[in-house]
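This report refers to the structure that appears directly beneath it.
Order of appearance sets the numbers: ligands from 1, and atoms from 1 within every ligand.
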Amino acid sequence: TQTPETHEFQAEVRQLLDLMIHSLYSNREIFLRELVSNAADAADRLRFEALQDPSLFEDDPEPVVRLSMDEQARTITISDNGIGMNRTDVIDNLGTIARSGTRRFLDALTGDQKQDAQLIGQFGVGFYSAFIVADEVSVHTRRAGEPAANGVLWRSDGKGAFTLEESPREQRGTAVTLHLAESQDEFLDRSRLRQIVRRYSDHIALPIELADGEGAWETVNQASALWMRPKSEITDEEYRQFYQQLSFDTEPPLEWLHNKVEGNQSYTSLLFIPAQRPFDLFEPESGHGLRLYVRRVFIMEDREHRLLPRYLRFVRGVVDSDDLPLNVSRELLQHNRLIDRIRGASVKRVLDALERMARDDAERYARFWDAFGTVLKEGVVEDPDNAEKVAGLLRFHSTHNEGGATVSLEDYVRRMREGQKSIYYLTGESLAAVRNSPHLEVFRKRDVEVLLLAEPVDEWLVAHLNEFDGTPLQAVAKGQLELDELGDPDTPDAGEKPEASDSVKALINRIGEALGDRVSEVRASARLTESPACIVVGEHEFGMNMQRMLKAAGH
Ligand code: ADP
Ligand code: MG
C-alpha cells in the first residue's frame with residue numbers, strides 16, 4: 001500500500017476551519033444537520049444517476065443514513081449508501097479547491113454565533129462544520145459503480161492539511177467519522193443524537209437510523225415526503241420546519257401554498273414565500289429553483305427556471321408529479337405540456353397569494369416588498385401575460401409619502417387630481433437625489449403626486465410599463481409638461497414655453513453659446529418655482545439614469 005499523500009487546504013478553507021474550530025461554540029449540534037443533509041443529497045444524486053444506469057444501485061437499492069457511535073474511541077460515524085466520491089471528487093469537494101460560497105460565507109459573518117452557525121448551510125460549507133465538534137475527521141468513500149479498490153480515505157485534524165490514501169471499500173457511499181474533541185462528550189449520547197435529528201432533519205425524505213447498541217437500527221425521523229401528506233394533517237410548525245430544512249433560512253416563511261392537482265396529469269406542489277433575501281438573489285446563476293420530484297424521486301433543482309419564471313426565483317419549494325417520466329431531462333422540461341401547466345398554475349398561485357397578502361396584511365406585504373420587490377419588478381418585462389397583475393403588486397416611493405415604498409399604482413390613480421391624465425414619475429440614481437430634484441418643484445406646487453424611482457431596474461420597468469389600468473405613465477424629466485389643464489391660479493403662465501422677455505432671451509442666448517453642442521436647446525420654462533435651471537430629456541430619448549447606465553456599460 002502507498003503512504004498517505006498530504007494536501008494543503010485552500011487558503012479560504014483554512015480560514016473557515018480556523019473559525020469552525022475556534023469561534024462557533026453555540027449551536028454546535030448543527031454539524032449533524034449538515035452531515036445528514038450531505039448524506040441525503042448523495043442519496044438523491046444516486047437515485048438520479050441510476051435512472052440512466054440502474055446497475056449503480058448494486059444490490060443495495062434502499063437509501064438510508066446511519067448514525068453510530070463508539071464510546072470507547074469517542075467517535076460518531078454518519079454513513080450513507082449514496083453516490084459516494086472517487087479520488088478526484090474528494091479533492092474537488094473537500095478542501096483543495098475554492099468553492100464560491102466559502103469567501104462569501106466568511107464575508108457574511110456577523111459575529112453573532114447563533115446567526116453565523118445558521119449561515120453554514122446556506123453557503124455550501126456544511127462539511128467543514130464537522131470540525132466544530134471534532135479534532136479529527138475521516139471520510140471513507142467509494143463512488144457508486146466503481147470497484148472496491150477505488151475506495152479513498154481522507155483524513156484531517158482541520159489544521160491546514162489533509163491526507164489522502166487508497167483504501168478499498170466494499171460498501172458504496174460515504175462514511176464520515178468524527179473523533180470528538182475534548183469536552184464534546186455530550187454527543188456520545190444516543191438520546192441527544194435522536195433529539196438533534198428530530199429537530200433539524202425530521203423531514204429529510206429518507207430514513208435516518210440510529211444504532212441501538214445491540215446491533216439493531218431504529219429509524220428516528222419521519223422519513224416521509226411531507227408534501228404528500230394531506231394538508232389537514234400537517235401543522236404550521238411542520239410546514240415551518242420543512243421549509244427550514246429545505247432552505248436553511250433563519251427566518252420562517254411569510255406564506256406557503258400547498259396544492260394537490262388530481263386527474264390524468266396529477267402533481268403536488270408546496271411553495272414557500274420567504275421573508276428574507278438569500279445572499280445570491282442577484283447572481284446571474286443564482287443558486288436555487290424549485291425542487292422537482294417524480295414519484296417522490298428527486299430529479300433536479302430547477303435552476304433554469306422552467307417551473308417558475310426568473311422573477312419569482314425567490315419562491316422555494318417542491319413540485320412532485322406522478323405523470324412525468326422518471327428519466328425526465330432538461331430538454332424534456334423545455335417542451336412538456338404538464339410542465340407548462342404546472343408553471344402557469346404556480347405563477348398564478350404565487351401572484352394571487354401576494355395580492356391576498358397585500359390586501360389583508362399590509363405589514364407582512366411590506367416585509368415581502370422590502371426583500372423581493374426589486375425582483376418582482378422584473379416580471380413586468382419578463383412576463384407580459386401577467387404584467388398587469390404584477391404591476392398591481394408594485395410599490396413605490398412617492399412625493400406623497402416619506403417612509404418606505406408603499407404607494408401602489410392603484411393608490412396613485414385613486415388620488416389623481418381632476419383633469420390629470422398621467423401617472424408621473426421621476427427616475428434617478430438615489431432616492432435622496434430624486435427627492436431633491438428641481439423637476440419636482442412645479443409638481444409640489446400644484447400638489448400633483450410623483451412616483452420616485454431610484455433602483456437600476458426601474459428604468460427597464462418604466463420602459464415596458466406604458467400604462468396602468470388605462471392611465472399612461474409619464475416621466476417628469478422628459479419632454480413637454482401638460483400641467484396646464486390642472487389650472488393653478490398661482491402660476492397662470494404655467495406651460496413649457498411662456499413668452500420670454502428680451503432680457504431673458506439675451507440670457508438664454510448667452511447660456512446657449514456657452515453650452516454649445518452639449519445641449520440641443522436652451523429655453524425658458526415654468527417647470528421651476530425655486531431652482532434657476534434644470535436639465536430635461538427629449539420625449540424620445542432615454543431617461544438620464546438610463547443614459548448613465550448605458551455609459552457605465554460602455555455604450
Ligand atoms: P454543499 O453540500 O452545500 O455542496 P458541503 O460543504 O456540505 O457543501 O459539501 C461539499 C461537497 O462535498 C458536496 O457538494 C459533495 O459534493 C461532497 N460531499 C459531502 N458529503 C458527501 C457525501 N456524504 N457523499 C457524497 N458527496 C459528499
Ligand atoms: Mg452540504
Side-chain angles (χ1 to χ4, degrees), residues 9-10 12-17 19-20 24 30-50 56 60 63-67 76-106 108 117-132 134 137-146 150-156 158 162 164 169 171-178 200-201 204 206 208 244-249 278-280 285-288 291 298 300-301 303:
F9 283 118
Q10 192 267 342
E12 277 160 7
V13 173
R14 217 158 42 222
Q15 224 176 316
L16 182 74
L17 285 168
L19 183 105
M20 298 285 182
L24 289 179
I30 60 110
F31 78 90
L32 195 57
R33 170 190 77 188
E34 297 298 332
L35 298 177
V36 166
S37 129
N38 285 351
D41 290 348
D44 282 342
R45 286 177 50 205
L46 175 69
R47 268 188 293 192
F48 182 64
E49 290 194 16
L56 292 180
D60 181 17
V64 63
V65 181
R66 289 187 155 160
L67 310 180
I76 308 179
T77 297
I78 297 97
S79 64
D80 64 65
N81 56 358
I83 190 75
M85 289 179 273
N86 60 26
R87 190 171 184 283
T88 320
D89 297 332
V90 171
I91 292 179
D92 287 355
N93 294 319
L94 306 185
T96 341
I97 295 182
R99 291 157 57 96
S100 63
T102 313
R103 176 78 260 151
R104 288 225 211 65
F105 172 73
L106 293 169
Q118 291 293 340
L119 291 175
I120 289 172
Q122 289 173 36
F123 288 84
V125 294
F127 170 74
Y128 304 109
S129 67
F131 289 97
I132 299 176
V137 176
S138 72
V139 179
H140 192 202
T141 180
R142 172 173 70 80
R143 200 172 202 293
E146 298 195 10
N150 287 11
V152 183
L153 180 62
W154 177 105
R155 248 203 280 237
S156 177
F162 60 88
L164 212 55
R169 181 173 167 85
Q171 214 203 352
R172 169 193 76 226
T174 305
V176 179
T177 300
L178 315 185
Y200 294 104
S201 313
I204 295 278
L206 76 170
I208 302 167
Q244 249 261 319
Q245 288 165 25
L246 175 93
S247 67
F248 293 109
D249 192 351
F279 72 96
D280 56 358
E285 299 296 311
S286 80
H288 307 290
R291 290 170 66 83
F298 175 69
M300 66 178 92
E301 203 165 338
R303 289 168 200 268

May I ask you to list the atoms of ligand 1 that are less than 4.0 angstrom from any heavy atom of [X]?
| X | result |
| --- | --- |
| Arg45 | 16 (O) |
| Arg99 | 1 (P), 4 (O), 8 (O), 10 (C), 11 (C), 14 (O) |
| Ala42 | 24 (N), 25 (C) |
| Gly126 | 5 (P), 6 (O), 7 (O) |
| Leu94 | 12 (O) |

Note: Val125, heavy atoms under 4.0 Å from ligand 1, region reported as backbone

So does Phe31 get a backbone contact from the side chain of Tyr200, meaning a donor-acceptor N/O pair under 3.5 Å? no

Carboxylate-amine/guanidinium proximity below 4.0 Å for Arg99 and Asp92:
no

*Glu12/Arg104 salt bridge by N-O under 4.0 Å criterion*: no

Discussion item. Looking only at distances, can you tell me whether any N or O atom of Tyr128, backbone or side chain, sits closer than 3.5 Å to an N or O atom of ligand 1?
Written reply: no

Worksheet entry | Polar proximity ligand 1 side, Phe127 side, N/O cut 3.5 Å exclusive | yes

Check step by step if ring pair (Phe, Tyr, Trp, His ring centres under 6.0 Å) holds for Phe9 and Phe162. CA-CA 7 Å; Phe9 283 118; Phe162 60 88; 5.2 Å; yes

